[in-house]
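Everything numeric in this text was worked out from a predicted model, so none of it was measured. In what follows, residues are counted from 1 in the order of the sequence shown. Hydrogens, waters and symmetry mates are skipped; everything else that's a heavy atom, side chains included, is used.
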Amino acid sequence: KDSEHIELKTADILPPLPAPDCASRDDDALPNEDPAYAAFLAWHTERQKQEGYYAVHLRIPLGEISGDTCISLAALSAAMPTISFRTTQRQDLAIANVPAPGLPQVYAKVSTLFTLAPAPTAFIDSICCKGATTCNLGICNSVGLASEISDSLGNIMLDPETMRQLAFNINGCPNACGQHPIGLISFSGMVKKFPIDQSRFTGYTWEVTSTGKKPFWPNLSAPLPPER
């Protein structure tokens with residue numbers, strides 16, 4: 001019965017996608033004379049297993065998106081009823097089931113709402129909890145640290161391929177709301193005592209781990225001053 005229930009729900013929620021007008025990204029459907037649009041295709045789109053459909057991936061800084069932006073994005077559904085909007089575990093947004101001919105229209109919309117490649121901040125992959133800004137358990141301002149990291153990396157102007165390999169997980173306390181135990185480069189807020197007078201100070205423990213695919217940096221752990 002469980003399998004029957006799952007199949008029923010899947011059929012109701014995810015009906016088969018209709019065949020799009022254009023089954024491939026050819027030059028007529030997807031003109032890329034504009035370098036900015038070509039960068040959008042290269043860095044923000046991914047071919048789905050359903051022929052002729054694509055997913056569009058968008059970075060949402062700090063995982064914060066306004067209601068007005070959501071309403072503006074939702075207007076795309078009128079022209080492309082197959083699309084669906086999905087949040088990701090990286091606090092980003094994915095627009096799924098975009099038919100190939102609809103990619104220029106999606107680009108025209110999202111380019112006015114989000115920072116897109118090749119801008120450096122479009123590649124910075126970070127997760128952060130709200131930390132001390134709103135959480136009663138927050139020790140450090142994880143939102144402030146995430147913003148500082150983003151601004152600093154944006155000023156360095158690394159190449160896009162290097163930028164997309166960086167992923168940050170930031171917590172304002174030892175809890176795992178920001179998923180720091182599984183992050184590539186992770187920070188977690190903490191409280192320690194000075195050994196002399198036992199007074200307390202706040203800071204971050206940071207860790208760098210391997211991707212499992214190739215060597216990165218050795219595991220490290222060191223306190224950092226809080227970004228408050």
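- When the salt bridge (charged side-chain N to carboxylate O under 4.0 Å, His left out) test is applied to D92, the partners found at least two apart in sequence or on another chain are R59.
- L103 has its side chain within reach of V98: a pair of non-hydrogen atoms, C-beta onward, lies under 4.5 Å apart.
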Trace of the side-chain contact (heavy atoms from CB on, under 4.5 Å) decision for L145 with C128 = CA-CA 9 Å; L145 178 60; C128 72; over 6 Å; no
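- Scored by the ring-ring contact (aromatic ring centres under 6.0 Å, His included) test, Y107 finds Y37, F40 as partners (sequence neighbours excluded).
- Under the side-chain hydrogen bond (donor to acceptor under 3.5 Å, both in side chains) criterion, the residue pairs touching residues 177-191 are N171-H180, with sequence neighbours excluded.
- The shortest distance between side-chain heavy atoms of L73 and L93 falls below 4.5 Å.
- The main-chain N or O of N97 is found under 3.5 Å from a side-chain atom of T82 such that the two form a donor-acceptor pair.
- Among residues at least two apart or in separate chains, side-chain hydrogen bond (donor to acceptor under 3.5 Å, both in side chains) pairs with a member in residues 62-73 are E64-K130, S66-T69, S72-K109.
- Residue pairs meeting the salt bridge (charged side-chain N to carboxylate O under 4.0 Å, His left out) criterion with at least one member in residues 95-104, sequence neighbours excluded, do not occur.
- Between the S152 side chain and the I149 main chain, no donor and acceptor come within less than 3.5 Å of each other.
- The shortest distance between side-chain heavy atoms of T133 and N141 falls below 4.5 Å.
- Dense packing is recorded around CD of Q198, with more than 12 heavy atoms of other residues, nucleotides or ligands lying under 6.0 Å away.
- Pairs passing the ring pair (Phe, Tyr, Trp, His ring centres under 6.0 Å) check and including a residue from residues 124-153, sequence neighbours excluded, do not occur.
- The backbone N or O of I60 lies less than 3.5 Å from no partner atom in the side chain of Q91, so there is not a single donor-acceptor pair.
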